[in-house]
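What you see is a predicted model, and the numbers here were worked out from it, not measured in a lab. Naming convention: chains lettered A, B, ... in sequence-line order (proteins, then strands); numbering from 1 in each chain.
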Protein chains: 2
Amino acid sequence: MVTKQFTGSPDEADIRRADSLAREIFSDVANKWALLIIEALGERTLRFGELRKEVDGISHKMLTQNLRMLERNGLADRRVHPTVPPRVEYRLTEAGRALRETVHTMCDWTHRYLGHIEASRGRFDA
Amino acid sequence: MVTKQFTGSPDEADIRRADSLAREIFSDVANKWALLIIEALGERTLRFGELRKEVDGISHKMLTQNLRMLERNGLADRRVHPTVPPRVEYRLTEAGRALRETVHTMCDWTHRYLGHIEASRGRFDA
DNA sequence: CAGTATCCACACCGATACTG
DNA sequence: CAGTATCGGTGTGGATACTG
């Protein structure tokens, strides 16, 4: 929702920059593993192994990779306890939780247009 | 919302089905080309060639593929004029425009956390 | 002009083995 | 326990050529 007053010139460069970043973030985040991790974390704090159990079917590699990506973008916090054996805990940052909200928005959209989509698919595939 | 009156458990199957579909739609829609096409279409009606010029850098193949996908999911309309040479016009459906709104939601999120994300990336990459 | 088919380089992801 | 490195099968996307 762009609540833009009738001002002179909108900052198009900023908009394009944000859009470009949005796409970048999107391509980072919009894969099923990242989404499942974000959903699994929710408001909780989980260890690597717990997360692995929680996100059904994810490989060790994908979990690591996606956690690094989330950490890099400031969506998840990584806390290392210097113990033996090591204990590493992950949780969503405020930005991460806010993103989770927008994902929910899209889920709401899906819910609303579920019938429409399935009907359209049926028609198309016929 | 399906009104299913079972014992204590609500319609978990339905929820899982919607979630599963949500992920499917997401993996369809959440790629940069689909998003750029949706943005390019906006409220307008565009021909294939116009769309190709509008979406910077997209290949013929990707445009076709994504338009088919959007059509299949009932997000875009495809109108063929049986002329020579052929004229094919695309526009968003109501569902497509609604999805566009949710994409804007994510853009808003990006805009809000732009600084946070860039700072986090800078920190991480160092 | 719009769409389809084919080829090929490259990125992705899982499995596996190894380190602190 | 958590993380990195490597290898190989699979899928994705771009360039090109061809059809109606």
Q) What is the per-nucleotide protein-contact pattern of nucleotides 6-20 of chain C, from the 5' end, where B denotes a base atom under 4.0 Å from a protein heavy atom, S denotes such proximity for sugar-phosphate atoms only, and - denotes neither? A) B------BBB----B
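Pair assignment for C:dG3: D:dC18, on the basis of Watson-Crick or G-U wobble contacts that are both within less than 3.5 Å.
Rounded to an integer number of Å, the gap from CD of A:Glu71 to P of D:dA2 is 15 Å. As a whole-Å value, the separation of A:Glu89 CD from D:dC1 C1' is 13 Å. In this entry the distance linking CZ of A:Arg79 with C1' of D:dC1 reads 18 Å, nearest Å. As a whole-Å value, the separation of B:Arg78 CZ from C:dC1 C1' is 12 Å. Separating the CG atom of B:Leu63 from the C1' atom of D:dA15 is a distance of 16 Å, rounded to the nearest angstrom.
Atom CD1 of B:Ile25 and atom CE of B:Met69 lie 8.5 Å apart (nearest 0.5 Å). In this structure, CD on B:Glu89 lies 11.0 Å from CG on B:Leu41, to the nearest 0.5 angstrom. Within the model, atoms CZ of B:Arg87 and CZ of B:Arg47 stand 4.0 Å from one another, a figure rounded to the nearest 0.5 Å.
An OP1 or OP2 oxygen of D:dG3 is reached within less than 4.0 angstrom by a side-chain nitrogen or oxygen of A:Arg68. For D:dG3, one of the phosphate oxygens OP1 or OP2 lies less than 4.0 angstrom from a side-chain nitrogen or oxygen of A:Tyr90.
A:Val80 and A:Val84 end up in different hydrophobic clusters when Ile, Leu, Val, Met, Phe, Trp and Tyr side chains are linked at under 4.5 Å.
The pair A:Asp28-B:Lys32 does not meet the salt-bridge criterion, since no charged nitrogen lies less than 4.0 angstrom from a carboxylate oxygen. Here B:Arg123 does not pair with A:Glu71 in a salt bridge; the nearest charged N to carboxylate O distance is not below 4.0 Å.
Dense packing is recorded around CG of A:Asp125, with more than 12 heavy atoms of other residues, nucleotides or ligands lying under 6.0 Å away.
Near DNA chain C, meaning a heavy atom under 4.0 Å from it, residues 40-52 of chain B has B:Arg47, B:Phe48, B:Gly49 in order of number.
Annotation for B:Asn31 and B:Asn66: closest pair ND2-OD1, 3.4 Å, computed over non-hydrogen atoms. A pairwise comparison of heavy atoms in B:Gly74 and B:Thr93 identifies O-OG1, 2.7 Å as the closest pair.
With DNA chain D read from its 5' end, the first of the two nearest nucleotides for A:Pro85 and A:Thr64 is the one closest to A:Pro85.
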